[in-house]
Participant: 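Below you will find the structure I want to go over with you.
The model shown is predicted, which means the values in this text are computed figures rather than measured ones.
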Amino acid sequence: MASENSPLLAYRLLGDEGSAFPASGVGGPGGPSPRKLSTFLGVVVPTVLSMFSIVVFLRIGFVVGHAGLLQALAMLLVAYFILALTVLSVCAIATNGAVRGGGAYFMISRTLGPEVGGSIGLMFYLANVCGCAVSLLGLVESVLDVFGADATGPSGIRVLPQGYGWNLLYGSLLLGLVGGVCTLGAGLYARASFLTFLLVSGSLASVLVSFVAVGPKDIRLTPRPGTNGSSLPPRFGHFTGFNSSTLKDNLGAGYAEDYTTGAMMNFASVFAVLFNGCTGIMAGANMSGELKDPSRAIPLGTIIAVVYTFFIYILLFFLSSFTCDRTLLQEDYGFFRAISLWPPLVLIGIYATSLSASMSSLIGASRILHALAQDDLFGVILAPAKVVSGGGNPWGAVLYSWGLVQLVLLVGKLNTLAAVVTVFYLVAYAAVDLSCLSLEWASAPNFRPTFSLFSWHTCLLGVASCLLMMFLISPGAAGGSLLLMGLLSALLTARGGPSSWGYVSQALLFHQVRKYLLRLDVRKEHVKFWRPQLLLLVGNPRGALPLLRLANQLKKGGLYVLGHVILGDLDSLPSDPVQPQYGAWLSLVDQAQVKAFVDLTLASSVRQGAQHLLRISGLGGMKPNTLVLGFYDDAPPQDHFLTDPAFSEPADGTREGGSPALSTLFPPPRAPGSPRALSPQDYVATMADALKMNKNVVLARACGALPPERLSRGSWSTAQLHHVDVWPLNLLRPRGGPGYVDVCGLFLLQMATILGMVPAWHSARLRIFLCLGPQEAPGAAEGRLRALLSQLRIRAEVQEVVWGEGAGAGSPEEEEEGDFVNGGRGEAEAEALACSANALVRAQQAQGSGGGPGGPEGGDEGPATALTFLYLPRPPADPARYTRYLALLEILSRDLGPTLLIHGVTPVTCTDL
């Protein structure tokens, strides 16, 4: 059931007029815009005109003359196969929901996200801008070929002056005409396009009739550029009418020099020219904001246009091959005029297609730009494009685009840029295919398009085909376009984009993670691949930031969960208090730059909540195996939000984007002496519960004293060396000898070694203290330990210390594990032992940092101890002794600096391969 904030409420499912579209307009939230174009006027007409362009009149002979009929048909089939794959993807996306303004950009951005969608949208916009300029310059050249003062054709009228300035003037005047039509709105554009469509259709009809009605004739060819036409005999091409010999001669390829450029043609170059003229399949989709029913009109209109143009091209290829010899096809690309019953009608068709292509590119560019501006991806740069008229026409985007086209016209010749334009179009087509492929692979339940004639195979083939065509047409432009897309994506990622569109990457990740989690079988776990998977219980993150980062370093690529218990009873609450707090904790994870999940629970006590988290955190084979707790002492909590640079916030209490500061989302630290949410009894009971569940336990004390550099993500300077001390002996059970190398001792060694793998701890030296009994000879136990360390591939310094002398150690029968913590000795004797152990550890720390025995020569200050690992005894079996046990731990770890007390219950080391 949709909640009060459900996006479904943005749709007037049964509104005043029964509209099924969102209340927003063409480009987004800028207000409603009338949708009045039908499928035919809004999609079929502009797509047909864009796919014909000038190629249908001036490049049919070029393609058939050089490639021959068979290869020309193969090229056409391949080109339309590639286009058809993209059309299938467009149809699928367009029928999967309401399509708003922006066409291809809207489809891509709402699927792949603002970073990829915005970069490709801007490239598609630039492609339309340059495509408009190319069409206008092509129109100017076509006009000057007939009416120019320097026209070389036999039928030239030669009335218009030529030159760079004149050409720029003609192009600007035509751009003014095109821009005026587009500025006045989509309705006028649709009527102008329909008129153009009628002119082009009439011109093509006259050409088709001429192939049948005109008899054989010889056609004088225009002299090639750079030759003196008056000194050479005239050359003729032959229109033979329908002739089987002509068809036979035109079946095979006959690649020769292009008479306009002098370049030698081949399959790739001819195919690129043909494909360039067929890349207008998005012309109708670009008008999505003005269509009455875009989800129906875009797929239906685009398919009709593609099928119609395909059969027209096929028909023209066959008619040209049957009736024109190869000389005519290769030496006069505009032979339609020469064979036409009324040549001026062909000229009208040429001019009309060029004019319509420029109009389609300009209005498509303006709609894409308006959608980009409405999404505010590029900031104030595109702000003028947000302006719309009272009728919803984005005339600001039209004028913006008109200005850019005018700048491109200053370049003049755009032969090279034409290939770049096609490559940009292909990038957009590949992105549409990729969007559909991603949606199909993600298997999201809400992806259920009404158009079903597609599969992930067609999408994948479409992506591969578009990429292949990009590099076939222009490898340099293809590489440059991908580089530009990467730079724009990086810029948008750095800038940050809206997160409410939905990212298909999240759906894909979910799909893949679920699949691999199912394959992560806990029954196949092996000690060789063990890694710590931590559950850190946090009361208030203000006082736990150093521990958050230290635990992040200890995880070694394993699972890391931040757990928090909210006290309460759901029966007495109107709603769940847990869900609203997830956002604050996720923001904490982002700002602290730790790789952790967040798990919150509601319970009547912290102990009960910890049991919940220990049991249900994680999924499948990724579940916590180690519980991490802050130490329970009387130290006043610190507010690390005030001192940590990563949490510095503006004075107004808001972060970038207007979200509230983290300091306002978490309560201030507990005041000294105020009651706690967790009693000492429950604290030790939580430890005991974790051990009963076969979880390792880590208690962290004084982590706030760690240097910030040790908690950073980078490598720390080796100028100042530190020690990491490991005491793998239960100091509250003083038995010397090598018997201490148990599971818990090895766990301590493993955790210390893992910490040393972190770049920030590379410079720290690992010291392991070997405790000897008062009667034990030195050397033997150290040799055994060094052999064990060698087998475990642990590099460490081993130091022997005497422990147990004068500590009241009794016979082995009296020193069973836990005697001191379980009450086997007197309370004073246990405290004395803890004090002695504490003094021993502090003495070794001082010895390492001073000039005493084992220190640097000359008494200079040596490396200090940065972190100490201590063996954590098991809690006593009697809950009545929990408070005494905690007091012993406090004495044991007092004034040691940053300390981790660890009890491991699972084997974690292996000497085998």
Side-chain angles (χ1 to χ4, degrees), residues 51-83 134 138 141-142 145 152-153 207 211 218-227 235-240 243-279 309-310 312-339 346 350 353 415-416 418-419 422 468-469 471-475:
M51 295 188 70
F52 275 157
S53 66
I54 206 168
V55 171
V56 75
F57 290 103
L58 296 182
R59 288 297 180 265
I60 294 295
F62 169 83
V63 174
V64 177
H66 287 286
L69 177 61
L70 297 180
Q71 288 195 20
L73 292 175
M75 290 179 183
L76 190 68
L77 288 172
V78 171
Y80 269 79
F81 177 72
I82 295 173
L83 297 176
V134 170
E141 291 181 2
S142 298
D145 282 344
T152 58
V207 170
F211 274 113
D218 295 334
I219 300 170
R220 184 171 180 174
L221 304 176
T222 303
R224 291 198 174 197
T227 61
R235 301 169 60 244
F236 293 92
H238 305 287
F239 178 78
T240 63
N243 190 305
S244 59
S245 298
T246 303
L247 175 63
K248 183 178 180 181
D249 293 338
N250 287 330
L251 286 177
Y255 295 107
E257 287 186 357
D258 178 8
Y259 76 89
T260 61
T261 63
M264 186 65 187
M265 294 294 99
N266 53 41
F267 183 92
S269 59
V270 174
F271 184 60
V273 170
L274 174 64
F275 195 82
N276 284 344
C278 303
T279 53
T309 56
F310 176 75
I312 293 295
Y313 275 122
I314 288 282
L315 187 57
L316 290 175
F317 280 2
F318 270 105
L319 292 176
S320 299
S321 301
F322 262 108
T323 59
C324 303
D325 70 354
R326 194 175 295 271
T327 302
L328 178 62
L329 295 175
Q330 289 184 345
E331 298 292 338
D332 186 1
Y333 300 153
F335 71 93
F336 282 0
R337 285 174 53 206
I339 67 170
V346 177
I350 293 173
T353 53
N415 291 334
T416 303
T422 303
L468 177 63
M469 280 305 308
F471 286 94
L472 181 64
I473 291 173
S474 176

Participant: Which of parallel (below 30°), tilted (30 to 60°) and perpendicular (above 60°) describes Phe275 and Phe271?
Facilitator: tilted
Participant: Evaluate side chain to side chain contact (heavy atoms under 4.5 Å, CB included) for Ile350 paired with Phe336, printing each intermediate quantity in order.
Facilitator: CA-CA 10 Å; Ile350 293 173; Phe336 282 0; over 6 Å; no
Participant: Among all residues two or more places apart in sequence or in another chain, which pass the side-chain contact (heavy atoms from CB on, under 4.5 Å) test with Thr323?
Facilitator: Phe211, Phe239, Phe242
Participant: Taking the side chain as every heavy atom from C-beta outward, state whether Met51 and Leu83 have any pair of such atoms under 4.5 Å apart.
Facilitator: yes
Participant: Tell me every residue that passes side chain to side chain donor-acceptor pair (under 3.5 Å) with Thr327, counting only those two or more places apart in sequence or in another chain.
Facilitator: none
Participant: Could you tell me which residues satisfy ring pair (Phe, Tyr, Trp, His ring centres under 6.0 Å) with Phe335, sequence neighbours excluded, listed by chain and number?
Facilitator: none
Participant: Of all the heavy-atom pairs spanning Asn250 and Cys324, show the shortest one and how long it is.
Facilitator: ND2-O, 2.7 Å
Participant: Using the test side chain to side chain donor-acceptor pair (under 3.5 Å), find all partners of Ser142 that sit at least two apart in sequence or belong to another chain.
Facilitator: none
Participant: In chain order, what residues pass the side-chain contact (heavy atoms from CB on, under 4.5 Å) check against Ala256, with sequence neighbours excluded?
Facilitator: His66, Gln330
Participant: List in chain and number order the residues that pass side-chain contact (heavy atoms from CB on, under 4.5 Å) with Leu70, two or more places apart in sequence or in another chain; answer none if no residue qualifies.
Facilitator: Leu251
Participant: Let me know which of Asp218, Thr246, Leu221, Thr240 forms a side-chain contact (heavy atoms from CB on, under 4.5 Å) with Leu328.
Facilitator: Leu221
Participant: Taking all atoms of both residues into account, what is the closest heavy-atom pair of Phe267 and Gln71, and its distance?
Facilitator: CD1-OE1, 3.4 Å
Participant: Taking all atoms of both residues into account, what is the closest heavy-atom pair of Ser245 and Asn243, and its distance?
Facilitator: N-OD1, 2.7 Å
Participant: Once ring pair (Phe, Tyr, Trp, His ring centres under 6.0 Å) is applied, do any residues pair with Tyr80, and if so which ones, sequence neighbours excluded?
Facilitator: Phe310
Participant: Quick one: closest heavy-atom pair of Ala72 and Ala67, and the distance?
Facilitator: N-CB, 4.1 Å
Participant: What pairs of residues pass the side chain to side chain donor-acceptor pair (under 3.5 Å) test when at least one of them lies in residues 54-63, not counting sequence neighbours?
Facilitator: none
Participant: Using the side chain to side chain donor-acceptor pair (under 3.5 Å) criterion, which residues pair with Asp249? Sequence neighbours excluded.
Facilitator: none
Participant: Under the side-chain contact (heavy atoms from CB on, under 4.5 Å) test, which residues partner Phe318, sequence neighbours left out?
Facilitator: Leu69, Leu73, Ile314, Phe322
